Amino acid sequence: MAVGGMAKSWSSIFLSQQLSPVIPDLSPSSSSSSRGVGGSSSSSRRPDLVFVVNPQGANGRTGKEWKKLMPYLRSRLGNDYNICESLTSGPSHAIDITREAIRDGVDAVVAVGGDGTLHEVVNGFFWQGVPVSNHSKTACQTTALGLIPLGTGSDFARTFGWKNDPHEAVERIAKGLRSPIDVGVITEASGESHYFINVADVHLSAKAGYYAARYKRFGKLCYVIGALQAFMGHSNQDLRIKVDGGEWEIYPQVTALCIGNAKFFGGGMKISPNAAPTSGDFEVVFLQDFKWYDFILKLHRLYNGTHLSVKNVTSRRALCISVEEFEGHGSIYVQSDGEYLGFLPRKFFILPGAIQMLI
């Protein structure tokens with residue numbers, strides 16, 4: 001569906017039957033408790049849920065699973081919500097869909113897919129450095145973010161203990177319980193902003209993610225292939241780092257720098273085990289002077305989150321962190337939520353409670 005004219009198209013893609021409205025209480029005043037689908041509201045308008053689906057996600061599995069889910073989703077939610085679907089057609093399409101939906105005042109935008117789809121939907125909540133606002137006179141609250149994890153990695157969902165169970169995800173949406181979550185922001189020298197909800201990383205891990213994206217057809221094996229390719233020609237680098245507006249510090253021989261808003265990345269690696277998207281700050285993890293064999297010997301600790309006690313691994317809390325090369329060659333990779341963003345320098349800072357999420 002084309003983004004242009006989308007505001008006039010929601011009604012044409014309603015999948016629910018037009019039944020008598022029974023609306024759950026999703027107002028901000030009820031965000032700490034759920035009244036469920038059977039709740040009531042003084043409004044006569046049924047909430048609109050927009051499901052942003054990447055049908056090509058997980059080698060086409062997302063599209064197939066979504067079709068299987070639709071009958072259950074309609075039966076579970078269709079009496080109380082206007083259910084709208086929008087299939088993405090390429091990179092950044094989910095961003096445009098989300099922005100248009102928020103401007104139209106929908107109650108929630110639900111990302112259906114993996115971390116890449118979620119990443120784009122989160123970026124759709126912002127425009128030119130500020131949150132997108134709705135233009136609907138009938139909307140009485142901000143648009144919430146929902147998630148049905150059906151992707152290759154689904155790392156963000158792991159922080160909440162959510163499984164790749166679409167029926168379980170539909171139940172979360174049905175309950176309507178909202179919680180504010182933090183969002184990370186990445187800015188570059190031009191001033192352009194990019195947003196992330198899970199983990200941003202620099203150098204080797206970012207380079208591995210860049211290569212892994214080329215091998216998604218191999219499923220979770222893509223992360224292993226990406227890491228092996230990234231090691232070819234890799235060298236640790238000295239980085240200049242400023243935390244929370246303090247003095248510049250030199251971190252020698254950095255292998256990877258990970259900025260965690262949540263805990264997992266790379267297909268289940270618990271890289272920032274103390275991070276939480278409700279904490280109001282990042283957990284920043286530094287891996288220094290690692291050799292290729294260190295990853296083999298310590299891989300299990302990276303996956304189970306016990307690596308912070310390993311030699312040459314340190315962590316610290318931060319609200320804001322600026323990172324640049326000590327000797328600028330413009331070759332140190334940056335990514336966020338598994339999406340390649342280019343090279344250093346970059347500044348990372350947090351927006352506490354920036355989005356309401358259906359949990």
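When reading the values below, keep in mind they use all heavy atoms of this one structure, side chains included, and skip hydrogens, waters and symmetry mates. Note that the structure is predicted; figures quoted are calculated from it, not measured.
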Quick one: do Phe125 and Val183 satisfy side chain to side chain contact (heavy atoms under 4.5 Å, CB included)? Show the steps, please. CA-CA 10 Å; Phe125 273 75; Val183 173; over 6 Å; no

Val199 backbone acceptor or donor facing Asn261 side chain under 3.5 Å: no

Would Val243 end up clustered with Val313 when hydrophobic side chains under 4.5 Å apart are linked, directly or stepwise? no

Taking atom NZ of Lys163 and atom OG of Ser154, what is their separation to the nearest 0.5 Å? 14.0 Å

Shortest non-hydrogen pair, Ser86 vs Ile97, comes out as OG-CD1, 3.2 Å

Salt-bridge contact Asp294-Lys291 (side-chain N to carboxylate O under 4.0 Å): no

Might you work through the side chain to side chain contact (heavy atoms under 4.5 Å, CB included) test for His234 and Thr255, ending with a clear yes or no? CA-CA 9 Å; His234 169 77; Thr255 306; 3.9 Å; yes

Who pairs with Ser190 by side chain to side chain contact (heavy atoms under 4.5 Å, CB included), at least two apart in sequence or on another chain? Glu188, Glu192

Contact check, side chains of Phe126 and Val185, non-hydrogen atoms, under 4.5 Å: no

Hey, what do you get for CD1 (Ile241) to CD (Glu249), rounding to the nearest 0.5 Å? 7.5 Å

If I take atom CG from residue Asp48 and atom CG from residue Asp104, how far apart are they, to the nearest 0.5 angstrom? 8.5 Å

Kindly say whether Gln253 contributes a backbone atom to a donor-acceptor pair with the side chain of Asp289 at under 3.5 angstrom? no

Donor-acceptor pair, distance only, cut-off 3.5 Å: does the side chain of Asp201 make one with the backbone of Val334? no

After noting the C-alpha distance and the side-chain angles of Tyr211 and Met232, does the key distance pass the side chain to side chain contact (heavy atoms under 4.5 Å, CB included) rule? CA-CA 11 Å; Tyr211 287 122; Met232 298 178 184; over 6 Å; no

Heavy atoms only: give me the nearest Leu302-Met269 pair and the separation to one decimal. O-CG, 3.3 Å

In terms of heavy-atom contacts, Val52 and Ala94 come closest through CG1-CB, 3.7 Å

Applying ring-ring contact (aromatic ring centres under 6.0 Å, His included), can you list everything that pairs with Tyr72, at least two apart in sequence or on another chain? His167

If you define the side chain from C-beta out and look only at heavy atoms, does anything of Lys347 sit under 4.5 Å from Ile321? no

With sequence neighbours excluded, residues passing ring-ring contact (aromatic ring centres under 6.0 Å, His included) with Phe295: Phe231, Phe290

State, with a plain yes or no, whether a side-chain heavy atom of Ile197 is found less than 4.5 Å away from one of Ile355. no

Can you confirm whether Ile148 sits close enough to Ile173 that some side-chain heavy atom of one is under 4.5 Å from a side-chain heavy atom of the other? yes

So Asp107 and Tyr81, do their side chains get closer than 4.5 Å, heavy atoms only? no

Go through His93 and Leu87 one step at a time and tell me if the side chain to side chain contact (heavy atoms under 4.5 Å, CB included) criterion holds. CA-CA 9 Å; His93 191 190; Leu87 306 181; over 6 Å; no

Report yes if the side chains of Thr143 and Val132 come closer than 4.5 Å at any heavy-atom pair, otherwise no. no

For the pair Thr98 (side chain) and Gly124 (backbone), establish whether a donor and an acceptor sit closer than 3.5 Å, ignoring hydrogens and angles. no

Going hydrophobic residue to hydrophobic residue with side-chain gaps under 4.5 angstrom, can you get from Tyr210 over to Ile332? no

Exercise answer: donor-acceptor pairs, residues 279-288 side-chain atoms, under 3.5 Å, sequence neighbours excluded:
unit_1, atom_1, unit_2, atom_2, d
Ser279, OG, Ala276, O, 2.9
Ser279, OG, Asp281, N, 3.3
Ser279, OG, Asp281, O, 2.9
Ser279, OG, Asp281, OD1, 2.9
Asp281, OD1, Arg317, NH2, 2.8
Asp281, OD2, Arg317, NE, 3.3
Glu283, OE1, Asn274, N, 2.8
Glu283, OE1, Ala275, N, 3.3
Glu283, OE2, Asn274, ND2, 3.1
Gln288, NE2, Pro252, O, 2.9

Flag yes if Leu257 and Ile271 sit in one hydrophobic cluster, no otherwise; membership is Ile, Leu, Val, Met, Phe, Trp, Tyr, and two members link when side-chain heavy atoms are under 4.5 Å apart. no

My understanding is that only residues two or more places apart in sequence, or in another chain, count here; which of them pass ring-ring contact (aromatic ring centres under 6.0 Å, His included) with His194? His119

Following the transitive rule for hydrophobic clusters with a side-chain heavy-atom cut-off under 4.5 Å over Ile, Leu, Val, Met, Phe, Trp and Tyr, establish whether Phe265 and Tyr340 coincide in one cluster. no

All ring-ring contact (aromatic ring centres under 6.0 Å, His included) counterparts of Phe160, not counting sequence neighbours: Phe156, Trp162

For Ser336 and Ile186, work out which heavy atoms get closest and say how close. CB-CD1, 3.6 Å

Closest heavy-atom contact between Ala58 and Leu150? CB-O, 4.0 Å

Any donor and acceptor pair, going by atom type alone, linking the side chain of Asn54 with main-chain N or O of Thr88 inside 3.5 Å? no

How about Glu247: does its CD atom have over 12 heavy atoms from other parts shown lying under 6.0 Å from it? no

Residues Gln356 and Pro180: closest non-hydrogen pair is NE2-CB, 3.7 Å

With a 3.5 Å cut-off and no angle check, do the side chains of Arg46 and Asn82 form a donor-acceptor pair? yes

Salt bridge flag under 4.0 Å for residues Glu171 and Arg76: yes

With a 3.5 Å distance limit and no angle check, can you tell me whether Lys263 reaches the backbone of Pro273 through a side-chain donor-acceptor pair? yes

Measuring from Ile181:CD1 to Leu358:CG, what's the distance to the nearest 0.5 Å? 10.0 Å

Are the side chains of Val323 and Arg346 in touch, meaning some heavy atoms are under 4.5 Å apart? no

Separation of Arg301 CZ from Ser309 OG (nearest 0.5 Å): 4.0 Å

Taking atom CH2 of Trp248 as the centre, report whether more than 12 heavy atoms of other residues, nucleotides or ligands fall under 6.0 Å from it. yes

Supply the atom-to-atom distance Phe264 CZ to Tyr303 OH, rounded to the nearest 0.5 angstrom. 11.5 Å

In the single-linkage hydrophobic clustering (I, L, V, M, F, W, Y; side-chain heavy atoms under 4.5 Å), do Ile296 and Leu204 co-cluster? yes

Checking the side chain of Asn134 only, and the main-chain atoms of Ile102 only, is there a donor and an acceptor separated by less than 3.5 Å? no

Contact check, side chains of Val254 and Gln237, non-hydrogen atoms, under 4.5 Å: no

Has Asn198 got a side-chain atom pairing as donor or acceptor with Ala262's backbone, closer than 3.5 angstrom? no

